[in-house]
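First the structure, in the form of structure tokens, and then the observations on it.
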Protein chains: 2
Amino acid sequence: MLVVGENISVVSKVVGDAVKDRNAEPIIKMAKEQKNAGADYIDVNIGPATKKGEELMQWIVKSIQAEVNAPLALDTKNISAIEAGLEVHKGTAMINSVTGDKDKLDILMPLAKKYNSKIVGIALTEKGVPPDVDSRIEIIMNIVNSALEYGLPMENLYLDPVVLPVAVLQEQVFNCIKALKIFKELKELMSLPDDPRTIVGLSNVSQSSPPGLKSLLNRTYLLILLSNGLDSAIIDPLDKELMNAIKTYDILTNKILYAHSYLEK
Amino acid sequence: MLVVGENISVVSKVVGDAVKDRNAEPIIKMAKEQKNAGADYIDVNIGPATKKGEELMQWIVKSIQAEVNAPLALDTKNISAIEAGLEVHKGTAMINSVTGDKDKLDILMPLAKKYNSKIVGIALTEKGVPPDVDSRIEIIMNIVNSALEYGLPMENLYLDPVVLPVAVLQEQVFNCIKALKIFKELKELMSLPDDPRTIVGLSNVSQSSPPGLKSLLNRTYLLILLSNGLDSAIIDPLDKELMNAIKTYDILTNKILYAHSYLEK
């Protein structure tokens with residue numbers, strides 16, 4: 001599976017302060033740690049970034065990629081900050097994420113195509129989270145159709161069924177699994193040239209749960225989702241038990257070779 | 001899921017000694033512990049039991065059920081010991097297990113029918129473990145046909161795709177998942193009146209792996225199998241992390257209600 005490291009977010013005080021002071025050092029450190037722990041992509045969440053978003057995104061992308069050889073997931077609601085980031089990004093970027101609203105799709109899909117970047121399409125709209133599985137499928141189908149319209153290869157499209165907190169919306173957590181299963185059938189249902197990929201923002205599931213439960217909820221949910229065909233997840237790669245669960249999953253499904261020492265690799 | 005506690009086996013020194021001395025106390029203690037930890041059935045493995053098997057099985061069944069209110073899974077290759085156990089067992093027993101050999105099926109299926117007991121049919125024969133998924137399906141179809149022939153209700157038939165050690169036969173571990181998926185389609189494939197149930201002997205997966213890996217391998221594999229439709233497993237219910245994984249699975253798939261304290265129940 002493709003691991004996207006979630007830790008660089010302006011919501012955290014360390015990152016918030018670093019961004020305010022344009023002090024790249026703590027951010028580079030977090031990017032390195034996550035890469036070393038197994039992240040394939042590093043998510044860079046700069047929040048709404050309504051002021052100087054373009055300059056901020058370019059600064060953070062260049063600062064990280066000058067020191068860490070990893071592609072980034074650009075994460076902000078500010079669309080021109082996304083484009084500014086894509087302009088300076090080296091390698092295949094990921095746009096995280098686009099909701100099923102037509103006005104957004106009509107800007108971000110062409111950008112993803114132009115810069116040959118991956119893009120996450122998420123099963124919600126500006127109106128909020130859909131109440132049932134069918135509405136998620138409907139939104140996702142619109143996103144897939146938009147990708148087709150703008151000529152984005154299916155392998156660059158990552159569909160997100162929306163993970164919600166089990167402590168608040170337990171039934172929706174099960175709905176997310178059901179939606180994921182149907183996403184895996186879209187190739188056939190929509191006669192697509194190839195399977196779109198799937199992704200989740202995992203940690204949402206344990207939001208509002210006690211700290212002692214978070215890692216257990218996260219890794220258990222990830223194993224259920226992987227068993228249902230998940231291709232990628234935005235996670236905390238520094239959670240050792242979570243990464244061990246992923247390695248063990250790969251062993252048991254014959255993706256990597258077993259050795260008594262497989263956890264140490 | 002239905003939990004079958006695996007700990008009472010003559011292979012263990014404590015149980016072996018207790019059986020030899022007809023000292024029921026340690027066996028009753030193990031049955032109680034497993035029941036309190038969440039076991040629905042208590043497996044009683046008396047080995048080949050070629051000498052005095054009938055008397056031994058009746059002694060152990062009566063000793064446990066006099067003190068612990070739980071049904072038992074009778075586990076031995078000695079068929080007359082199985083029948084002797086069924087004669088004195090209270091409630092719905094489970095016969096664990098019958099291979100796909102016609103001579104065995106022709107004795108054990110009628111017994112399961114006569115005593116209204118559950119029976120585990122396992123995807124191997126006296127010749128050994130089948131090399132591929134298709135051969136497992138073939139054996140299991142013979143078992144299902146035998147159950148139909150003798151009028152056993154599908155809800156009492158538990159199909160076991162055979163778990164093997166990942167340290168020795170990694171590919172077979174993946175084959176077991178694939179076979180399980182097909183077992184879940186048998187109702188449609190064979191036009192059955194109802195779904196047969198599925199079961200595994202979980203701990204086999206971590207046999208020959210270092211002690212530090214066993215619990216992780218067991219619980220990860222169980223979550224993969226549950227996500228693929230497993231109904232029941234023969235496990236060590238005293239493995240707290242394994243039982244927590246099962247509870248968390250039930251929470252995330254909306255089978256039991258979430259509470260911050262769900263692990264403590």
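Quick note on labels: first sequence line is chain A, next is B, and so on, each numbered from 1.
Shortest non-hydrogen contact noted between A:Leu252 and B:Val173 is O-CG1, 3.6 Å. In plain terms, the two heavy atoms of B:Asn254 and A:Glu171 that are nearest each other are ND2-CG, 3.4 Å. Of all heavy-atom pairs between B:Ala167 and A:His260, the closest is CB-CE1, 4.0 Å.
No part of A:Leu225 comes within reach of chain B, as not one of its non-hydrogen atoms sits under 4.5 angstrom from that chain. If you measure heavy-atom distances from A:Ile246 to chain B, you find no contacts under 4.5 Å at all. For A:Ala245, the part sitting under 4.5 Å from any heavy atom of chain B is the backbone (N, CA, C, O) and nothing else. Only the side chain of A:Leu213 comes within contact range of chain B, with heavy atoms under 4.5 Å apart. For A:Leu217, the parts lying near chain B are the backbone and the side chain together; criterion is any non-hydrogen pair under 4.5 Å.
Within 6.0 Å of NZ in A:Lys77 there are 12 or fewer heavy atoms belonging to other residues, nucleotides or ligands. Within a 6.0 Å sphere centred on NZ of A:Lys255, heavy atoms belonging to other residues, nucleotides or ligands number more than 12. Within a 6.0 Å radius of CG in A:Asn69, other residues, nucleotides and ligands contribute 12 heavy atoms or fewer.
Of the possible polar contacts, one joining the B:Gln170 side chain to the A:Ile256 backbone as a donor-acceptor pair under 3.5 Å is found.
Interface remark: of the candidates A:Leu223, A:Leu257, A:Leu263, A:Thr248, A:Thr248 forms the most heavy-atom pairs closer than 4.5 Å to chain B. Among the candidates A:Leu216, A:Asn175, A:Leu226, the residue making the largest number of heavy-atom pairs closer than 4.5 Å to chain B is A:Leu216. Annotation: maximal heavy-atom pairing with chain A below 4.5 Å, among B:Ile251, B:Asn228, B:Ile177, B:Val205, occurs at B:Ile251.
Here OH of A:Tyr249 is found 11.5 Å from OG1 of B:Thr220. Values are rounded to the nearest 0.5 Å.
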